Amino acid sequence: MAIVKIDAVGGYEGQSVTICGWLTHKRSSGRIRFLMLRDGTGTIQATLIKGETNEHALDLYSELLQESSLAVTGTVRRDKRAPGGYEILVSDVEAFQVADTYPIAPKEHGVGFLMDHRHLWLRSSRQWAILHVRHTVINAARRFFDDQGFTLLDAPILTGASCEGTTTLFETDYFGDRKAYLSQSGQLYMEAGAMAFGKVYCCGPTFRAEKSKTRRHLTEFWMIEPEVAFADLETIMKLAEALIVAIVEEVLKTRQQELHLLERDITRIEKIRPPFYVISYDEALQILKDAGESLPWGEDFGGSQETIVSNHFDKPVLIHRYPAQIKAFYMKNDPDRSEVALCLDVLAPEGYGEIIGGGQREDDTAILKEKIEEAELLAEDFKWYLDLRRYGSVPHAGFGLGIERTVAWLCGLEHVRESIPFPRLMDRLYP
RNA sequence: UCCCCAGUAGCUCAGUUGGCAGAGCAGAUGGCUGUUAACCAUCGGGUCCGCGGUUCGAGUCCGUGCUGGGGAGCCA
């Protein structure tokens, strides 16, 4: 007897198969009974009829509660009345386990309750769709870099120093006499990698101890961070655009069913084709001014300002050359205009905010030393980083793409917490 | 850290002017020969978030704490 996955039953019409899965639902009408089964690849209706199904299975039916784990054996039939087009005419049912009363009913639930049951919530069709899109986003991004000759170079998660202030760092004890921090970014290490391999990227979790309670923030989130030697801002802007295009194409190609299930307006994603919009910080300020939300030059955008700018466009918008004073110490200043940094942010459409941040790195030892001092960082922590400029410094650039915000945007989610299997938020470490 | 909202059955919620604690779903029992979140009937199920106060009487009003949600600040 073949054990068949639900998404493959179409190839077994008329044959007897066994499907192993979980009970999502059951219904009955007189002597005919229905089990809805889920196995991770899809759902299918199994039909029990007196006379065709054995007595053991008919008796078992009445004991089964939602999420009981089952092996269902029967004949695959095409039937218009069955959701999905195929059903199993059951000959026998065995239970691996009869579930206790399942807390998540097929009705509505509040966010807090679902988050407390995240380990079970993952079984619902909506989460199935979202996390499939996440899988594809990560895979598409990695394939994009692999195909262009990048080397995957994983960055450490435990680090000895902060690259920004210590206020947003998670601190942990390191063998009693020292402190270690959870990485906020793999970037500095990718710079070292770029000097060794030319083109590198990392993909992994990063941590921010920001006390942010918004729909765009997690304390643990994943980034894909490429870094390229002999590259300037323009090169990296082209790379950022091409990466997003590659991700969108792959999601549209392989995740139609998931997007449909999420009731995502696919036409808005189909618009995401090159070229994207490219504006300077100064031009973004003008857009805000025209919208009646003037901001003095030198200030960073808040969430509402980002939304105003991104709503101005139907595709992602690349914003370059922010004031140097609001950007990190390692950003290279524009030689033609020293008050701005050669940096790049990409805002997703529909108010999903910044999905990419990056730019060209400072490659001059003396200037970088100065900037480290200005940022009041410990010079000795960055000795190795300065070495990269002492031994064959080259122009180089890179960026980080936030996985969760990208997934939230493509899926049309209201909050990034659904775009990662087990979200970590300011007040939530369970489950 | 600040602002706003909420906390009543396992879940989602209603509860009028302060006067006997309610519905739908889930669960149990029974009915129905093709159901689509089936339907119909019956039944069980309560620390009304905690503490304090006002009152003859508090789910309801006041104070306070806790928890959750939304937002702000913050966010290379």
Side-chain angles (χ1 to χ4, degrees), chain A residues 24-36 43-53 62-67 77 79-85 87 89 99-117 120-121 124-125 162-165 167-169 183-188 190-191 206-219 221 223 225 300-304 306-307 322 324-331 341 343-345 353-354 356-359 361-362 371 375 377 398-400 402 405 414-417 425-428 430:
Chain A
T24 63
H25 214 78
K26 67 176 189 180
R27 298 181 281 269
S28 71
S29 178
R31 264 170 242 144
I32 188 161
R33 292 155 198 195
F34 303 94
L35 299 171
M36 288 300 293
T43 56
I44 195 167
Q45 173 170 286
T47 305
L48 289 72
I49 299 174
K50 201 153 195 174
E52 314 222 21
T53 304
S62 60
E63 292 172 29
L64 295 178
L65 296 187
Q66 189 184 353
E67 291 302 320
R77 289 204 312 199
D79 193 314
K80 273 186 239 161
R81 293 167 296 186
E87 66 175 18
L89 180 57
D100 286 348
T101 307
Y102 192 62
I104 302 179
K107 289 271 179 180
E108 78 273 30
H109 294 282
V111 170
F113 175 81
L114 288 170
M115 291 289 281
D116 284 341
H117 295 83
L120 302 176
W121 189 21
S124 72
S125 58
S162 67
C163 52
E164 307 307 316
T167 50
T168 63
L169 274 175
S183 177
Q184 296 168 303
S185 162
Q187 184 210 311
L188 304 189
M190 288 306 99
E191 290 185 56
T206 53
F207 306 86
R208 307 275 168 100
E210 290 155 10
K211 293 189 173 176
S212 302
K213 283 184 66 174
T214 84
R215 64 187 63 194
R216 294 196 286 263
H217 287 86
L218 296 166
T219 56
F221 66 99
M223 283 208 287
E225 297 176 274
D300 205 353
F301 305 134
S304 61
E306 271 186 12
T307 303
Y322 282 68
Q325 67 206 51
I326 55 170
K327 287 293 172 181
F329 73 92
Y330 46 72
M331 295 283 192
C343 66
L344 158 75
D345 277 6
E354 182 187 336
I356 281 181
R361 321 306 188 187
E362 181 53 66
K371 286 186 162 187
L377 297 167
F399 61 80
R405 287 185 185 178
E414 291 202 352
H415 197 296
V416 288
R417 65 184 155 223
L425 298 153
M426 195 172 117
D427 290 315
R428 193 170 282 282
Y430 177 92

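In the text below, chain A, chain B and the rest are named by the order of the sequence lines, each starting its count at 1. If you're wondering where the values come from, they're calculated on a predicted model, not measured in any experiment.
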Under a 3.5 Å cut-off for both contacts, is [N] paired Watson-Crick or G-U wobble with anything, and if yes, with which nucleotide?
{"N": "rU47(B)", "value": "none"}
{"N": "rC61(B)", "value": "rG53(B)"}
{"N": "rG68(B)", "value": "rC5(B)"}
{"N": "rG34(B)", "value": "none"}
{"N": "rA41(B)", "value": "rU29(B)"}
{"N": "rG22(B)", "value": "rC13(B)"}

Could you check whether [X] gets within reach of a base, just the sugar-phosphate, or nothing at all, counting any heavy atom under 4.0 Å?
{"X": "Lys213(A)", "answer": "base"}
{"X": "His415(A)", "answer": "sugar-phosphate"}
{"X": "Ser212(A)", "answer": "base"}
{"X": "Lys327(A)", "answer": "sugar-phosphate"}
{"X": "Arg417(A)", "answer": "sugar-phosphate"}
{"X": "Met331(A)", "answer": "sugar-phosphate"}

#### Entry: Thr214(A) side chain, from C-beta outward: closest of rC75(B), rA72(B), rG68(B)
rA72(B)
Quote, to the nearest angstrom, the [atom1] distance that separates [N] from [M].
{"N": "rU64(B)", "M": "rG24(B)", "atom1": "C1'", "result": "35 Å"}
{"N": "rC61(B)", "M": "rU16(B)", "atom1": "C1'", "result": "15 Å"}
{"N": "rA21(B)", "M": "rG15(B)", "atom1": "C1'", "result": "9 Å"}
{"N": "rG73(B)", "M": "rU55(B)", "atom1": "P", "result": "45 Å"}
{"N": "rG44(B)", "M": "rA6(B)", "atom1": "P", "result": "33 Å"}
{"N": "rG22(B)", "M": "rC48(B)", "atom1": "C1'", "result": "12 Å"}
{"N": "rG69(B)", "M": "rC13(B)", "atom1": "P", "result": "13 Å"}
{"N": "rG19(B)", "M": "rG59(B)", "atom1": "P", "result": "10 Å"}

Check the distance between [N]'s [atom2] and [X]'s [atom1] and give it to me in whole angstrom.
{"X": "Arg216(A)", "N": "rA72(B)", "atom1": "CZ", "atom2": "C1'", "result": "12 Å"}
{"X": "Leu114(A)", "N": "rG69(B)", "atom1": "CG", "atom2": "P", "result": "11 Å"}
{"X": "Lys211(A)", "N": "rC3(B)", "atom1": "NZ", "atom2": "C1'", "result": "17 Å"}
{"X": "Tyr102(A)", "N": "rA37(B)", "atom1": "OH", "atom2": "C1'", "result": "15 Å"}
{"X": "Glu210(A)", "N": "rA72(B)", "atom1": "CD", "atom2": "C1'", "result": "14 Å"}
{"X": "Leu425(A)", "N": "rU67(B)", "atom1": "CG", "atom2": "P", "result": "16 Å"}
{"X": "Glu354(A)", "N": "rC74(B)", "atom1": "CD", "atom2": "P", "result": "14 Å"}
{"X": "Asp100(A)", "N": "rA26(B)", "atom1": "CG", "atom2": "C1'", "result": "14 Å"}

Could I get the full list of side-chain hydrogen bond (donor to acceptor under 3.5 Å, both in side chains) partners for [X], not counting sequence neighbours?
{"X": "Asp79(A)", "value": "Arg81(A)"}
{"X": "Thr47(A)", "value": "Glu87(A)"}
{"X": "Glu354(A)", "value": "none"}

### Query
Going by heavy atoms in the side chains, are Thr43(A) and His25(A) under 4.5 Å from each other?
no
### Task
Check ring pair (Phe, Tyr, Trp, His ring centres under 6.0 Å) between Phe399(A) and all other residues, then give those that pass, not counting sequence neighbours.
none
#### Entry: By ring pair (Phe, Tyr, Trp, His ring centres under 6.0 Å) - contacts of His117(A) (at least two apart)
Phe113(A)
Polar-atom pairs under 3.5 Å, protein N or O versus N or O of nucleotides 28-35 of chain B: list them with distances, or write none.
residue: rC32(B); atom: N3; partner: Gly30(A); partner atom: N; Å: 3.1
residue: rU33(B); atom: O4; partner: Arg31(A); partner atom: NH1; Å: 3.0
residue: rG34(B); atom: O6; partner: Arg77(A); partner atom: NH2; Å: 2.5
residue: rG34(B); atom: N1; partner: Glu87(A); partner atom: OE1; Å: 3.3
residue: rG34(B); atom: N1; partner: Glu87(A); partner atom: OE2; Å: 3.0
residue: rG34(B); atom: N2; partner: Gln45(A); partner atom: NE2; Å: 3.1
residue: rG34(B); atom: N2; partner: Glu87(A); partner atom: OE1; Å: 2.6
residue: rU35(B); atom: O2'; partner: Arg27(A); partner atom: NE; Å: 3.3
residue: rU35(B); atom: O2; partner: Arg27(A); partner atom: NE; Å: 2.7
residue: rU35(B); atom: O2; partner: Arg27(A); partner atom: NH2; Å: 3.2
residue: rU35(B); atom: O2; partner: Gln45(A); partner atom: OE1; Å: 3.4
residue: rU35(B); atom: N3; partner: Gln45(A); partner atom: OE1; Å: 2.8
residue: rU35(B); atom: N3; partner: Gln45(A); partner atom: NE2; Å: 3.1
residue: rU35(B); atom: O4; partner: Gln45(A); partner atom: NE2; Å: 3.0
residue: rU35(B); atom: O4; partner: Arg81(A); partner atom: O; Å: 2.6

Short N/O separations, protein against nucleotides 7-11 of chain B, under 3.5 angstrom:
residue: rC11(B); atom: O2'; partner: Glu108(A); partner atom: O; Å: 3.4
residue: rC11(B); atom: O2'; partner: His109(A); partner atom: ND1; Å: 2.5

### Task
Identify, with sequence neighbours excluded, every residue that meets side chain to side chain contact (heavy atoms under 4.5 Å, CB included) alongside Thr53(A).
Leu48(A), Ala57(A), Leu58(A), Val90(A)
### Task
With sequence neighbours excluded, tell me which residues meet side chain to side chain contact (heavy atoms under 4.5 Å, CB included) with Thr307(A).
Arg216(A), Asn311(A)
#### Entry: Residues Tyr330(A) and Gln187(A): side-chain donor-acceptor under 3.5 angstrom
yes
### Task
Assess the side chains of Ser185(A) and Glu225(A): does a donor N or O sit below 3.5 Å from an acceptor N or O?
yes
### Query
Between Phe207(A) and Phe221(A), does the ring centroid distance fall short of 6.0 Å?
no
### Query
Which sits closer to the 5' end of RNA chain B, Gly358(A) or Lys26(A), going by the nucleotide each is nearest to?
Lys26(A)
### Message
Could you check whether Lys327(A) makes a cation-pi contact with Tyr322(A), meaning its NZ or CZ is under 6.0 Å from the centre of the six-membered ring and within 45° of the ring axis?
### Response
yes
